[in-house]
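Each residue takes its place number in the sequence, starting with 1.
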Amino acid sequence: MNLAIPRGIIYHSVLDDLKWLVTSLVAKLDDQPVVAAFETRFAQLLGRKHCVAFPFARTAIYYALKRQHFPHGSEIIMPPISIKGILDVVLALGLVPVFVDIDKDTLCFDEVLLEKALNAKTRAVIITYLFGMVPDVEKLVAVCRTRGVFVIEDFSQCLNGQFADRKIGSFGEVGVYSASSIKTLDTYGGGLLVCDDEALAEALRADQAQLAPPVRTQLWQKIVTDLIRNVATTRLVFHFGVFPLLGLLAKLKPNSVLKHTGDRDKAMIDELPGEWFCAYTALQARVGLEGLVSLEALDQERLHNVAEIKAAAPAVDFPRGSTGGVPIYWQLLAYFADPAATQQRWHGKKIDTATTSLLKISDLPAYPYHGDTPNADKLYSNSLFIPCFPGLNAADRQRIIQVLNDVG
């Protein structure tokens, strides 16, 4: 029997979720030596000197920017597709977002457009590696360094990606990883900031020490969310329960199941939520230490799946990446003329697919800052994720390849 193939997975088992859920009921959450041990191990993975753990990537970026003491109204160059929370922290600091379009093959800043956007008011650039693709990061960073611009790498979707034999996240002044649900290293949330500057790391540790105590119920909610997603994407549960429901919802309300993890709130917020400033927990650090053990093996399995699928579907419009870049393919993305119709055809073959749930933050109606970003528009409107996650068997891969070649 050909079981339906889900659009994605959680990168640890249902049993892991159950174990950590039970552990979270009684575990000590503020055990700083455990957090420090995970920070050290994560910094070593990236080849950086320091790691400071925050509750969210957006929180880490908030403090990284705040510590630069940029003048009010300074410009921060941002990607047009990201999480809204990063835009919120930029605005909360009195800074001005400037959106630069992406290259459709690297899914990162267009180098020429980035250089044109830099001016006397530019103070920082947030380089974001969407879906695990790798641009010519050396050129991007060199453009910024020429102008004395502070570089933040958001490698939340590109952990273990490389360029020129260096890990992504090791090029900028600061790198930030979001260890949230569905990521390759998922610690039930968290923003891991890496850097080499001793003084900056010391200042950020002072900020870390001022965070509010962790809230156990918030941690439970994150573990339960992962557990639900994990059970839902277990092949038998997905085939007999979730997949038929997705098909029914798609018929009753077209496009309602097109987003990877559902639609996200686009409303502007008045102030940053307190939840963003509660400390990262020792339990999350323990999850991270365990997750690092299997990270590379899972990466290699996913990369093997990607290589086979891409090689057997040469006519499909996949982003090509950059020369010298080693993408990690957190998601394998391809462009289609009509993603909604393509999703329906794929569903007929029992293969689920989706578009990104990230927002196109360059044109949110409730926000005062916008940008002209046609390549980002195409990615946002005309791309789908192709299942490539660990756990696919040879028959699954062949079905995906056949559908790609037969119906696009």
Side-chain angles (χ1 to χ4, degrees), residues 1-14 17 81-85 130-131 157 180-183 186 221-267 309 316 330-361 363-366 377-392 395-397 399-400 402-404 406-408:
M1 178 175 60
N2 286 330
L3 296 176
I5 300 173
R7 61 184 63 181
I9 62 166
I10 298 297
Y11 274 79
H12 45 247
S13 70
V14 171
D17 288 333
I81 296 176
S82 185
I83 62 167
K84 187 175 73 69
L130 290 173
F131 314 120
Q157 299 180 354
S180 58
S181 179
I182 74 177
K183 296 292 175 31
D186 170 2
Q221 290 171 1
K222 292 174 183 178
I223 299 174
V224 169
T225 296
D226 260 21
L227 176 60
I228 292 170
R229 288 173 172 171
N230 220 338
V231 171
T233 53
T234 301
R235 293 297 288 269
L236 286 174
V237 174
F238 185 79
H239 180 85
F240 290 107
V242 177
F243 190 71
L245 179 60
L246 290 173
L248 177 62
L249 290 173
K251 290 179 180 179
L252 296 175
K253 190 177 180 181
N255 297 335
S256 62
V257 295
L258 194 57
K259 297 296 183 184
H260 189 214
T261 55
D263 286 319
R264 298 188 178 181
D265 185 11
K266 299 178 182 179
I309 291 168
V316 176
W330 173 66
Q331 299 286 351
L332 175 59
L333 176 146
Y335 294 104
F336 299 93
D338 188 343
T342 300
Q343 185 194 51
Q344 291 178 6
R345 292 197 298 271
W346 280 50
H347 274 203
K349 303 293 184 177
K350 293 186 172 60
I351 301 173
D352 191 24
T353 182
T355 62
T356 180
S357 289
L358 293 175
L359 293 177
K360 188 148 63 72
I361 60 172
D363 67 357
L364 293 174
D377 295 348
K378 178 179 179 180
L379 185 152
Y380 194 71
S381 302
N382 293 97
S383 66
L384 286 171
F385 295 154
I386 312 303
C388 66
F389 46 80
L392 295 176
D396 292 332
R397 294 192 295 273
R399 285 169 58 199
I400 292 167
Q402 183 180 359
V403 170
L404 278 169
D406 287 350
V407 300

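Here Lys183 pairs with Ser156, Gln157, Tyr177, Ser178, Ser180, Trp330 under the side-chain contact (heavy atoms from CB on, under 4.5 Å) rule; sequence neighbours left out. Contacts of Phe243 classified as ring pair (Phe, Tyr, Trp, His ring centres under 6.0 Å), with partners at least two apart in sequence or in another chain: Phe238, His347. Residues forming a salt bridge (Lys or Arg N to Asp or Glu O under 4.0 Å) with Lys360 (at least two apart in sequence, or on another chain): Asp363, Asp377. With sequence neighbours excluded, the residues forming a salt bridge (Lys or Arg N to Asp or Glu O under 4.0 Å) with Arg397 are Glu308, listed by chain and number. Taking the salt bridge (Lys or Arg N to Asp or Glu O under 4.0 Å) definition, one finds that Arg235 meets it with Asp396, sequence neighbours left out. Applying the salt bridge (Lys or Arg N to Asp or Glu O under 4.0 Å) test to Asp186 and every residue at least two apart in sequence or in another chain returns nothing.
For Ser383 against Pro339, the heavy-atom pair with the smallest separation is N-CG, 4.0 Å. Pairing each heavy atom of Gln343 with each of Ala354, the nearest pair is NE2-CA, 4.4 Å. For Pro387 against Ile400, the heavy-atom pair with the smallest separation is O-CD1, 3.5 Å. Taking each heavy atom of Arg229 and Ser181 in turn, the nearest pair found is NH1-OG, 2.9 Å.
Between the side chain of Asp352 and the backbone N or O of Ile5, no donor-acceptor pair lies under 3.5 Å. Between the Asp17 side chain and the His12 main chain, no donor and acceptor come within less than 3.5 Å of each other. Side chain of Arg7 to main chain of Thr233: no donor-acceptor pair is present (N/O by atom type, distance under 3.5 Å, no hydrogens or angles). Of the possible polar contacts, one joining the Arg399 side chain to the Lys350 backbone as a donor-acceptor pair under 3.5 Å is found.
You'll find the side chain of Thr356 stays beyond 4.5 Å of the side chain of Leu130, heavy atoms only. A heavy-atom distance below 4.5 Å is not found between the side chains of Ile351 and Ile386. Lys349 has its side chain out of reach of Asp406: every pair of non-hydrogen atoms, C-beta onward, lies at least 4.5 Å apart. A 4.5 Å side-chain heavy-atom check between Thr355 and Tyr380 finds every atom pair outside the cut-off. Counting only heavy atoms from C-beta outward, the side chains of Thr342 and Thr353 never approach each other to under 4.5 Å. Between Ser82 and Leu358 the shortest side-chain heavy-atom distance does not fall below 4.5 Å. Within the 4.5 Å cutoff, side-chain heavy atoms of Trp346 are placed close to those of Leu404. Counting heavy atoms from C-beta outward, Ile361 and Ile81 have side chains that stay 4.5 Å or more apart.
How far CG of Leu258 is from OG of Ser357: 9.0 Å, rounded to the nearest 0.5 Å. With rounding to the nearest 0.5 angstrom, the CG atom of Asp265 is 10.0 Å from the CG atom of Leu364. In this structure, Ile9 CD1 and Thr234 OG1 are separated by 10.5 Å, a value rounded to the nearest 0.5 Å. A distance of 8.5 Å separates CG in Asp226 from CD1 in Ile223, rounded to the nearest 0.5 Å. Atom CZ of Phe131 and atom CG of Leu332 lie 11.5 Å apart (nearest 0.5 Å).
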Tell me, with the steps shown, if Leu333 and Phe385 meet side-chain contact (heavy atoms from CB on, under 4.5 Å). CA-CA 5 Å; Leu333 176 146; Phe385 295 154; 4.2 Å; yes

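Counted within 6.0 Å of NZ on Lys266, heavy atoms from surrounding residues, nucleotides or ligands total 12 or fewer; the atom is thus considered open.
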